Enquirer: 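Questions regarding the structure given below will be posed in turn.
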Amino acid sequence: MSNKAALDESVHWADIHADKIIRERGPKPEYTCASGITPSGTIHIGNFREIISVELVVRALRDRGETVRFIYSWDNYDVFRKVPKNVPNAERFAEYLRWPIISVPDPWETESSYARANEVALESTMPELGVFPTYIYQADQYRASVYAQGIRTALVHRDTIRAILNEHRTEPLPDAWWPISVFSTFTSKDTTTVLDWDGEWGVRYRCNESGNEETLDLRSTGAVKLLWRIDWPMRWKHEGVDFEPAGKEHHSAGGSFDTAKQIVRQVYGQEPPVTFKYDFISIKGRGGKISSSSGDVVSVRDVLEIYQPELVRHLFAGTRPNAEFAISFDLDVIKLYEDYDRCERIYFGTEEVGEKRRLKESRIYQLSQVAEVPASQPLQIPFRHFCNLLQISAGNIDQAIDSFPGTEGISDAERARLRTRGACAWNWINRYAPEDFRFVLKEGGEPPIELDPAEAAAVRALTAEMRDRLADHDEKSLAQAIYDIAAAQGIEAKQLFLVMYRILVGKDQGPRLAGFLLTLGRERVLRILRAYE
RNA sequence: GGGCCGUUAGCUCAGCUGGUAGAGCGACAGACUCUUAAUCUGUUGGUCGGAGGUUCGAUCCCUCCACGGCUCACCA
């Protein structure tokens, strides 16, 4: 599947777009794929769709032998417009309104700025997901006057740009409109009025609060910034962007992508990048869109605590970008882990499916890998079973792994992956699993529960079975033995199950008993049952 | 008002460049004298939103319409 023919046949959206980029942009020694966002709030899983979409296309291009530059632009020179709800001491932060977010202190007091805090939260999770963009910080770029020429070009074509923007506006932009904003060197705020431009590098403005006026040189100042709708096409030109997707809010006629396309052509003399539109992601059970300003968001880290990295990639690789989907933390988690495991078995041929399905699933599996595809099928511990093993081991992940048959000889890498899955399973059990899924194993020192004579005899018989003949049993035969014991004592099997669960976990139900007893093992079962012998 | 997307079995959705439809779940039946949306087997199930058009042939292309949703028109 890694050969070229298979890639050409692939109908995966990442491959289709990779082919489209090569076709439309022509052969290039290096393709630039861009992504970016404003770190003006917690970066949530919806924002992540931007990065992962680019990542998957980048992967597809590289699979074709292309060299790719993957850039991620943080617009940390954006304006601090409102104080998010999740910020401590919110009232204290009101004074920073209209400052560039890179100049707003970190409310959590660990990073150099509010913007940086949001950036770090995301950047720190990307390596786990196998995503390694080159980060570009807009504030650094502007402050170093890297975009001076791009700004000047926008000023030269000011009328063209205004006309383009006016095509879709209700109110036309005024004559005094300029494609730039200025951060006052007196107050740090963007509450300024551009007064004039000298036709070269000089921009004169007035600080609305202090009343001061000043002329800045674009080649040396960092205070002048392009407005968003112009900043975007300017950067396409500056970075030579070949591909950049965008959220659906940008892709309507008159939206920012639409006007950026015209501006990059008419002002910067370059063709707009290949693109596609991606839809929003919602959170199942919470309803509605994710709002980063409300503070109640699901971050990438939150998702990684329940879904191992391959699952996260699988979620996005397996869904068309223009389809909305809801991420969920309920019982769906089990199904999604099962889906991933099936996808893996299909890739390795241990589960038979039709050829079309196999090709599709195989490609999704490849794209879901954080690094290289494993050489052989890794050992799978089903998520649900893992949850049971972990509860038996009271959360000891290695112990849970060791109790699973076949884990003796696994490689370090394989064990590492299982550990990650185990951590997710344990988090899920403790935070999201329905009560029915949870249990705490008894130790054996508790006072015995009351049993009638028949129940007591059945429990004794089962204890003896575990002590003397466990080695003879597999799950099926042990299950049969349980029935036989119940029948011999004249009680319903159901009653014996109930009693056993009460003894073992103090609840009326639990994992399927025969398998459960086998997993617990002779020693452990006998310890819990010793008061009933 | 502009633009985009969707409308396929009860539900959630697949259906590459056109050759009269598939999966999972559900429902129903049976099996397992046990259970973690239990598992297994089988059955059921669709005028592919509507009307035209192109074609030997359209779920798939074109036009129009209906319904649903999103988005832009302020900022980013």
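Here is how names work: the chains are called A, B, and so on, in the same order as the sequence lines, proteins then strands, and each is numbered from 1. All values below come from the heavy atoms of this structure, side chains included, with hydrogens, waters and symmetry mates left out. All of these numbers come straight from a predicted model, not from anything done at the bench.
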Enquirer: Which nucleotide in the list B:U35, B:G3, B:A73 gets nearest to the side chain of A:Leu513?
Expert: B:U35

Enquirer: Taking salt bridge (Lys or Arg N to Asp or Glu O under 4.0 Å) as the cut-off, I'd like each qualifying pair that reaches into residues 95-104 of chain A, sequence neighbours left out, listed once.
Expert: A:Arg98-A:Asp190

Enquirer: Mind checking what makes side-chain hydrogen bond (donor to acceptor under 3.5 Å, both in side chains) contact with A:Thr463, not counting sequence neighbours?
Expert: none

Enquirer: So which of residues 166-175 of chain A are in contact with RNA chain B, with a heavy-atom cut-off of under 4.0 Å?
Expert: A:His168, A:Arg169, A:Thr170, A:Glu171

Enquirer: RNA chain B: A:Arg438 or A:Leu227, which has the more 5' nearest nucleotide?
Expert: A:Arg438

Enquirer: Rounded to the nearest Å, what distance is computed from the CG atom of residue A:Asn322 to the P atom of nucleotide B:G6?
Expert: 7 Å

Enquirer: For A:Ala456, which residues count as a side-chain contact (heavy atoms from CB on, under 4.5 Å) partner, sequence neighbours excluded?
Expert: A:Leu451, A:Arg460

Enquirer: Between the protein and nucleotides 23-26 of chain B, list every N/O to N/O distance that falls short of 3.5 Å.
Expert:
none

Enquirer: Go ahead and write out RNA chain B as dot-bracket, 5' to 3': ( ) for pairs within the strand, [ ] for ones crossing earlier pairs, | when the partner sits on another strand, dots for unpaired; Watson-Crick or G-U wobble, both distances under 3.5 Å.
Expert: (((((((..((((........)))).(((((.......))))).....(((((.......))))))))))))....

Enquirer: Given B:U35, B:A37, B:A76, which nucleotide is nearest the side-chain atoms of A:Ile334?
Expert: B:A37

Enquirer: Students often get this wrong, so: under 4.0 angstrom with heavy atoms, is A:Gly247 touching a base, only sugar-phosphate, or nothing?
Expert: nothing

Enquirer: Considering only side-chain heavy atoms of A:Lys248, which listed nucleotide, B:U71, B:C75, B:A73, is closest?
Expert: B:U71

Enquirer: Does the pair A:Arg235/A:Asp231 count as a salt bridge with the N-to-O cut at 4.0 Å?
Expert: yes

Enquirer: If a pair satisfies salt bridge (Lys or Arg N to Asp or Glu O under 4.0 Å) and one of its residues is in residues 479-492 of chain A, list it, with sequence neighbours excluded.
Expert: none

Enquirer: Using nucleotides 11-18 of chain B, report all nitrogen or oxygen pairs with the protein that are shorter than 3.5 Å.
Expert:
residue, atom, partner, partner atom, Å
B:A14, OP1, A:Arg320, NH1, 2.3
B:A14, OP1, A:Arg320, NH2, 3.3
B:A14, O2', A:Lys360, NZ, 3.4

Enquirer: Name all residues meeting the side-chain contact (heavy atoms from CB on, under 4.5 Å) criterion together with A:Ala487; count only those two or more places apart in sequence or in a different chain, and write none if there are none.
Expert: none

Enquirer: Using side-chain hydrogen bond (donor to acceptor under 3.5 Å, both in side chains) as the criterion, list what pairs up with A:Tyr365, not counting sequence neighbours.
Expert: A:Glu344

Enquirer: With sequence neighbours left out, what residues match A:Trp178 under side-chain hydrogen bond (donor to acceptor under 3.5 Å, both in side chains)?
Expert: none

Enquirer: Quick one: list whatever passes side-chain hydrogen bond (donor to acceptor under 3.5 Å, both in side chains) with A:Arg143, sequence neighbours left out.
Expert: A:Ser103

